[in-house]
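Here the structure is laid out as structure tokens; the discussion comes afterwards.
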There are 2 protein chains.
Amino acid sequence: MHNAPTVEPLLTPAEVATIFRVDPKTVTRWAKAGKLTSIRTLGGHRRYKESEVRALLSGSTQQKSGE
Amino acid sequence: MHNAPTVEPLLTPAEVATIFRVDPKTVTRWAKAGKLTSIRTLGGHRRYKESEVRALLSGSTQQKSGE
DNA sequence: TAGTAGTGGGGTAATTGGGGGT
DNA sequence: CATGTCCCAATTACCCCACTAC
């Protein structure tokens, strides 16, 4: 088996959009605004760190039991 | 372990594809487009330099807030 | 030598990027 | 100011089969 280097799990724009229940275009705007760390493919498409997305899901705002 | 001189660690198309979160075929297109240095095996399969892949991941220029 | 997984090549549908407007 | 939608062009993903890698 090959020795795979350390890699960060990445998400596609559609994945992030589905998670946040928004349009993929909105995710792109977040990346442009610097709110999300975007890694570009060699073709220019963006990939997002899964770790950062999950961090934003549970670490940004406090979630209440009825919100 | 066999005698191995100083060589560049190579990655398979699947490895590179996993790192960039793309399809292995996409990595092949990058090689065809000259965006990636491809080393061919004697059978015609491609191998990619791990150093180059990581360099492309980090990006020569640090991304700033606001693209 | 045989078997399984990965890869190359070609073609087509879906996604994405970018700008503009609501 | 933030989000969703329409446009078009480029990039990417998935389908086939034949050959290579291990």
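Reminder, nothing fancy here: chain letters follow the sequence lines and each chain counts from 1. Note that the structure is a prediction, hence the values are computed from the model and not measured.
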Closest of D:dC15, D:dT12, D:dT20 to the B:Thr41 side chain is D:dT20

Residue B:Ala14, side-chain atoms from C-beta onward, closest of C:dT15, C:dT7, D:dT12:
C:dT7

Can you tell me which nucleotide in C:dT16, D:dT3, C:dG8 comes closest to the side chain of A:Arg29?
D:dT3

Closest listed nucleotide, where the reference is the side chain of B:Thr28 and the choices are D:dC14, D:dT5, C:dG8:
C:dG8

For B:Lys35 versus A:Gly43, what's the shortest heavy-atom pair and its separation?
NZ-CA, 4.1 Å

Side-chain contact check for A:Lys25: nearest option of D:dC6, D:dA13, C:dG8 is D:dC6

Could you check which of C:dG20, C:dG9, C:dG8 has an atom nearest any side-chain atom of B:His45?
C:dG8

Proximity to the side chain of A:Arg40 - top-ranked nucleotide from C:dG17, D:dT5, C:dT7:
C:dG17

Do other residues, nucleotides or ligands put more than 12 heavy atoms under 6.0 Å from B:Arg40 CZ?
yes

Given side chains that start at C-beta, do those of B:Thr28 and B:Asp23 come closer than 4.5 Å, heavy atoms only?
no

By nearest atom, which of the nucleotides C:dT7, D:dA13, C:dG17 is closest to the A:Pro13 side chain?
C:dG17

With nearest nucleotide decided by heavy atoms, which residue, A:Thr12 or A:Val22, maps closer to the 5′ end of DNA chain D?
A:Val22

Heavy atoms only, 4.0 Å cut-off, all strands: where does B:Arg46 land among base, sugar-phosphate and nothing?
sugar-phosphate

